[in-house]
Each structure stands twice: as C-alpha cells, then as structure tokens.
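Presented below is the structure to which this report refers.
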Protein chains: 2
Amino acid sequence: MESASTFYTGVPRHLVAVDGIIFGFEDSRLKLLVIQRKVDPKQGEWSLVGGFVQEGESTDAAAARVLKQTTGLENIFMDQLGCYGEVERDSGARVISIAYYALIRVKEHDHILAEEHGAHWLELHQIPPLIFDHGRMIADALKKLRDNAHFHPIGFELLPEKFTLSQLRSLYEEIYQHELDRRNFRKKLLAMNILEKLEEKDKTTSKKGAHLYRFDKQKYEQLTRRGFVFEI
Amino acid sequence: MESASTFYTGVPRHLVAVDGIIFGFEDSRLKLLVIQRKVDPKQGEWSLVGGFVQEGESTDAAAARVLKQTTGLENIFMDQLGCYGEVERDSGARVISIAYYALIRVKEHDHILAEEHGAHWLELHQIPPLIFDHGRMIADALKKLRDNAHFHPIGFELLPEKFTLSQLRSLYEEIYQHELDRRNFRKKLLAMNILEKLEEKDKTTSKKGAHLYRFDKQKYEQLTRRGFVFEI
DNA sequence: TCAAAAGTGTTTCAAGTACACCCATGT
DNA sequence: ACATGGGTGTACTTGAAACACTTTTGA
C-alpha cells in the first residue's frame, strides 16, 4: 500500500495519556481518588491517576489498566469524559490526554495497593489544587456525573449490592448537592419498579432497621426496552 | 529538568487526528457534510472531513482548521464529541481520533470551497456507509446533538439570524425526528422571553406572512444567570 | 418511655398536552 | 371566495412538590 504510507508518513506523532477521575461513596460522602505524584515534573503535588497509552493498546484499555494498577479493580463502570488537547496543558511535554471517570465501590477496592501509589480518598470540598488541568477535569467530570446520573441508573455503581433507600437518597443528595424530600424520593424510586426488596434489614442506622434493596438490572433493561426512562 | 526527560522519553507516540461531524439545516432538513476521500486507503469512499493534529496545535484548533479548510467558515459552534481510540479503527495505521461536531448556517458557507474538497450535503437518511468508525461517530454525534439541543439553545446556530417560528419548529422536529404541536411550541418559546420579535415578515411560505424573530443571546444569558433553564 | 429513623398517604400546584377557532392575503 | 399557513385561547391531565402522622425498637 504505497500511497497509504505516503499519507501517514511525515505526520507528527504525540504523547497520549489517560487520566482517571475516580469517584467513590463512603460514609454518605462522595469522594475522589487522588494521588501524590511520584515523578517530575511536579513531583509530590496532587494529581489524578494516569498513564500513557501504549502501542497496540486502545485508550479505553489504557484507562482500565491504570484503574486496575491503582485500585486492583476490574470490570468497573467507566465512561470517557473527553480529550484535553491544549498544547501547553502539561508543563513537562506536549501531551494529549483522554480523561475517563469511573465509579467504584470503595469497600471493594484494594486499599493497600492504592496506598502504595500514594492514593487518597478525599471529599469534594477537600480537594487541593491539582497539577496541570486536572482541576478542570474534575469539574467537568462532576458535571458529567450529574448529567449522567440524572437519566441513567449509574448511582448504583457507587453503592454496595444491597443498600437502604436512605443510603441511595443520600448518594443523590451528594451528587446533586441539595436535599431531596425523603418521602417523595421513596415514592418515586419504588414506583419505578426496578428495586428488589430484600427480607434483610440494616440496623446500623436506626433501631427500627431499614429494609435493604437491590438494583434489578434485568427489570430495568426490560422496562427500558418498553420506553421507560429512568430519572432522578 | 533531567528527571522530566526521563519520565517522558521512551514513551510511544501516536498519530492523532480530528474528524468533523458537520451539521447543517436547509429546506427544512437536517443535513450532514460528508466527502469522498481523496487519499488511500479507502480512496473514493465516503468519509467525514478530518485531518491530523500538528505539533504545537491544540486539538480544538485542529478541528477549527479542518472546518475552515472545507467550508471557509470561522468562529463556528463546535463541541467535542470524544476520543475514538480503538487500535484497529483506521485500517491504514494506528490513529487516535478526536471527533468534533459543528453546527453551521448552510447559506453562509463557501460551496465552491466545499466542492473542491469533494464535499456533499446529505440528508440523514441518505448517508451511505462510511469508512472506519465514522458511522458510529455520526450516530454518537446525533445523540449528543439531541441531548444538547434539549437543554441549550444551540438550534439557533443552524438557522439564519432571522427566522420564523415555523422554521424553528421544523428544525426541532428534524432534530428529534417527531412532530411538535404548532401552538404549544409557539406558546412555550415565546413564554421563554428569549426571542426578539421583528417587524419584518417572511412571505415566502404563506400569503399572510410570518413574523421573523431573532434569538436574543443577551437576554438568554441574563435569564440563565437568574436560574432559567432553556428546554425544548 | 422516649428519641430517632423508617415507613405511608393526601393535598396542592404547575406544566405539559390536546384541541378548536379566527386572521390575513395572494390567487 | 377560498385555500393556506399564521396566530390566539381554553380545558384537561399528569406528575412533581409540600407536608403530617404512625410505626418500630434499643437505650
């Protein structure tokens, strides 16, 4: 393919990175996994987890790899946030970065592995200034998380398999940063018919105990095919 | 910065392209600008407009440059769609592509320039199979256009400065692919208070003539700051 | 027995939807 | 005079928002 090699040769090549905005939910708080950078430039400063896209590796795969390296988790909900392509965004070199955000169950991830990488879970209002354009990435990720959570049942990715309605509500209160009416929330969610009520109760937060529920993905997809639209 | 050069050296570099999904609105139809590719591989086949990101050029700038080269237009509404990073997506080489969609006023663009590039405006249902993953890019762009148009007044980017309410309505009918009630649409839009009613009338489509309106961006932004949310 | 969270029901209000009629005018 | 698209008003329906009371049980 002679002409092909003509078309692609002589074209400048670029360093391409992936950065991960990793959300977690713990103690009724939305948290973010950030690390203290181990390499220069900006060694020791706060940063998102990231890495370079390798040859023969898709950007999605690179993001999944980086996530696994820091948390030990696989098959995690991830969505691409977008490309950050300003020339001067990385002070060390011209790097084009593809940002991904991920939702993980904090309890399930490998805390020891994360610590080895200098990783910390911080609440949203505790996030220090980050290197490069990582602050903007987080802002964009939060916006996308909110938009996405509004019409898709991605919130469940942040909760344990079994959860109470109070937990679910406080999750959305954290995501949207405003209170939701306890009774209306319950009514709305149960009316959707996508939660499976379990016999077990969670007694850690009240004497009476709150029923545990499980997200019924089967039922959700079935309803979706019939035109149902999730909305919170 | 010795350690910095250590960190970045030896890292694989990639070809990075931008591809443009360019929407236009003409004769009450939503259209897409596609070209017949002039280079191998896939010469002669249908493709989106695109090009490679140069050194010292941001991805946004590259997308704007490609748009200008094919249409002659500058300062156009553009939004990033996302990164397409599969390893085998381009059969000629490993190319990471950043897709952008743009909304342009068809009347204002340089038709001669476009023709030189083998460009054609095609209606959505006329789009032939495209090379690589361009078909998927279009599907994604349409989805994003719909989502975006739902809560942001981006539709006006596709209309001439002065337009009738009927034109505006048929634009949204095209975007959403379903009919909207003529009377309710008018009521809703006028109630928003973001349209400036002009004295002029457009008599091309009726004997009575329809009033022309102009989108009042000032007023829209003012209302937005007060919490107003556009929705159609 | 009482504090604290869980669970249930009702009323109100706003926004969307459906729909019918009059208006202006070129042919 | 009439056909054609432009313009206006009203009744209905649905769903969100606001809100008060009862239940359970460990301390």
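Not measured: the values here are computed from a predicted model. Here is the naming used below: chain letters follow the sequence lines, and residue numbers restart at 1 for every chain.
- Every residue meeting the ring pair (Phe, Tyr, Trp, His ring centres under 6.0 Å) condition with H120(B), not counting sequence neighbours, appears here in chain and number order: W46(B).
- Shown here are the side-chain hydrogen bond (donor to acceptor under 3.5 Å, both in side chains) partners of K203(A), two or more places apart in sequence or in another chain: there are none.
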Q: Report the C-alpha distance between R183(A) and D181(A) in whole Å, list the side-chain angles of each, state the deciding distance to 0.1 Å, and finish with yes or no for salt bridge (charged side-chain N to carboxylate O under 4.0 Å, His left out).
A: CA-CA 6 Å; R183(A) 296 154 289 191; D181(A) 184 272; 3.3 Å; yes
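- Every salt bridge (charged side-chain N to carboxylate O under 4.0 Å, His left out) that K162(A) has, sequence neighbours left out, goes to E200(A).
- One atom, NZ of K203(B), and another, P of dG6(D), lie 12 Å apart when rounded to the nearest Å.
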Expected list for residues 220-232 of chain B: side-chain donor-acceptor pairs under 3.5 angstrom, two or more places apart:
from: T224(B); atom 1: OG1; to: Y220(B); atom 2: O; distance (Å): 2.8

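- By the side-chain hydrogen bond (donor to acceptor under 3.5 Å, both in side chains) test, Y84(A) is found to be paired with D140(A), residues two or more places apart in sequence or in another chain being considered.
- Distance CZ (R186(A)) to P (dA18(D)): 19 Å, rounded to an integer number of Å.
- Partners of F156(A) under the ring pair (Phe, Tyr, Trp, His ring centres under 6.0 Å) rule, at least two apart in sequence or in another chain, are F163(A), F215(A).
- Of the two residues near DNA chain C, K207(B) and K188(B), the one whose nearest nucleotide lies more 5' is K188(B).
- With sequence neighbours excluded, the residues forming a side chain to side chain contact (heavy atoms under 4.5 Å, CB included) with S166(A) are T164(A), R169(A), listed by chain and number.
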Kindly give the atom pairs (protein nitrogen or oxygen, nucleotide nitrogen or oxygen) under 3.5 Å for nucleotides 19-22 of chain D.
from: dA20(D); atom 1: N7; to: R183(A); atom 2: NH1; distance (Å): 2.6
from: dA20(D); atom 1: N6; to: R183(A); atom 2: NE; distance (Å): 3.4
from: dA20(D); atom 1: N6; to: R183(A); atom 2: NH1; distance (Å): 2.9

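- A heavy-atom distance below 4.5 Å is not found between the side chains of Q36(A) and S47(A).
- You can see that DNA chain C meets the heavy atoms of chain A within a 4.0 Å-exclusive cut from dA5(C) to dT10(C), reading 5' to 3'.
- S206(A) is linked by a side chain to side chain contact (heavy atoms under 4.5 Å, CB included) to K208(A), counting only residues two or more places apart in sequence or in another chain.
- Here dA18(D) presents its P atom at 12 Å from CD of E179(A), a figure rounded to the nearest Å.
- Map T205(A) and K197(A) each onto its nearest nucleotide of DNA chain C; the residue landing nearer the 5' end is T205(A).
- The nearest whole Å value for the distance from the CG atom in D202(A) to the C1' atom in dT24(D) is 15 Å.
- Contacts between residues 166-176 of chain B and DNA chain D, counted as heavy-atom distances below 4.0 Å, involve S166(B).
- Taking H211(B) as the reference, nothing meets the ring pair (Phe, Tyr, Trp, His ring centres under 6.0 Å) condition, with sequence neighbours excluded.
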